[in-house]
Amino acid sequence: MHASARNGRPRVDAVRPTLLLVALIGSLPSAAFATQAAAGQNAWFGLSLPPGLQPHTPPAIIGDRGPVPAIVPSGEEGHRELEGARIRQDLEDIVAFSRESREVREVGDGQLWGRITGLASGGRTVAWASEQFRWAGIQEVSLQAFDQAADVSLWLPLRWEVRLIGDPMFGAGSQDVVFETAMPLSPSEIEGGSLTAPVVFVGTASPAELVHIDVRGKVAVQHVTPQAHTVFERTPTVPRAQDLMSRGAIAVLTVIDQPGNNRARDFNNCGGPCFNLGGRDGLFLERVMDGAAGAGTLDKLRVRISLQTERRSGLRAMNGIGIIRGSESDENIVLNAHADGWFDAAGDNADGLAVLFALARHFAQPENRPARTLVFVASAGHHTPGMNGPRNFVAMNPELAESSVLVINIEHVAQRNFSPARSLFDDGYREYIADSGEAPIVAGVTNRSPFLEDLFRRGVERYGTNFVSGVSTMASGEGGGYRSLGVPIVTTMQAPPLYHTSGEVLETISTPGLERMARFLAFFVREVDRAPLNRIDP
Ligand SMILES: [Zn+2]
């Protein structure tokens, strides 16, 4: 979608004799690069160019084995509304809102897309979600609009480019390379729109590394290897980027060493112009720096970075709400899934939202009618500043808020599990591969209720859900919006590495995993619904 970037990249991978390729694998990179640079024959030290960005394409190997089928306990066979294939239809419809956002270039040139709260894509998703509640058989359905808080704005990058500047000193025919996975981070700005500067590699940018490195006037390249989703890497990554800026770097490129080659929107607020680079782009840049170091030309290696942004304020958004009135009680249980997300966002949080609809279909059936009221919230989410969906739900529905006894936040629930594969590309990239299970799911129970914890233990036994083995009181950014209710918040949440990246596409979601979670949550809600209040909140 960004023609200039594509045109800027040399199309054909550098030609390289097979012998050199063989020599590269398993040898020390710096030695190999030094040899090639001395030969002076191959573009970019003989490295293969990175593969570019492939939107809507899985960043890992997804073969034809697995996932493990869902377990259907006896007596639950009739719950067809909870079957994976049915839920997947909704998943695909939700992801389609994101794809449309990219097609119509909702943001600038379409390099960023998603279901963005405050923009049309977010509004359409929530409006469609409320229709799902209706089609599920819920009578009481509403759309509740709210305004962005007055004192904040949404930073949006409209168009950008990170370009490695080619020169024959890096091998004959070394042309500019545009890193298509470069992703500017909020609230980056570049005065005058662009900058050109030499790069300096800083490793993980720890103080012990930086004591040896002068970053002044340079673009610092730091490396982070997420073990799970990038939330867990915000510290130390963001403070270290801030440290780099305070030491005089003029921009920071953070190489996120993860599956495939994706844009990743995380690690904001770094104190200057900051961009993430995807796995293959980052690896290429690091290998080029190694090659240039070996050839004595590293101080000549430069990048040109351009960026145009805008700030949007005065935005409106909506929550979609469906209410199934209880047969015996005015107390209610809130079931929440956020509708917004960056890029395709199949895992964050199209899967959770699709599971929410399955539960709406289930409990809207007369034979499954709950004793307590169930409030389904397709939330505007928590990614847009000043537009927290749950917080606005609480503020706008004082009666429901007053009678709530529990919040269940369904978030990132059915992504497949990916592990490093053994295969290595000739550039040293370690590919990832899906296995037969889903990524681990954390079960957060804010009040540590033994009854609620026990339901999660039984869930594993009954449905094979991959909940991690220990307890947690975690409530995510989304669940946190409900804290003012003063009731327990239960969160089911995976933390897979593709979170907030363009690689989190439909194919990464497990269809049996959707069913596993839907069947488990139907069981969970049923048990909670029957339980006295002092067991839910002792
Ligand atoms: Zn989320």
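Ligands are counted one by one from 1 in listed order, and the atoms in each one are counted from 1 as well.
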Visitor: Is the distance from the Zn ion (ligand 1) to the nearest N/O/S atom of H382 under 2.8 Å?
Guide: no
Visitor: Taking the six-membered ring of F97, is NZ or CZ of R115 closer than 6.0 Å to its centre and within 45° of its axis?
Guide: no
Visitor: Just to confirm my numbers, could you give the angle made at the Zn ion (ligand 1) by OD1 of D348 and NE2 of H338, rounded to 10°?
Guide: 80°
Visitor: I'd like to know: is the Zn ion (ligand 1) within the 2.8 Å range of an N/O/S atom from E411, strictly under that distance?
Guide: yes
Visitor: If we check side chain to side chain contact (heavy atoms under 4.5 Å, CB included) with S476, which of these qualifies: E411, H338, H382, H412?
Guide: E411
Visitor: Please confirm if an N, O or S atom belonging to H383, backbone or side chain, lies less than 2.8 Å from the Zn ion (ligand 1).
Guide: no
Visitor: State the CZ-CD distance between F275 and E161, to the nearest 0.5 angstrom.
Guide: 10.0 Å
Visitor: So, for F456 and F520, is the gap between ring centers shorter than 6.0 Å?
Guide: yes
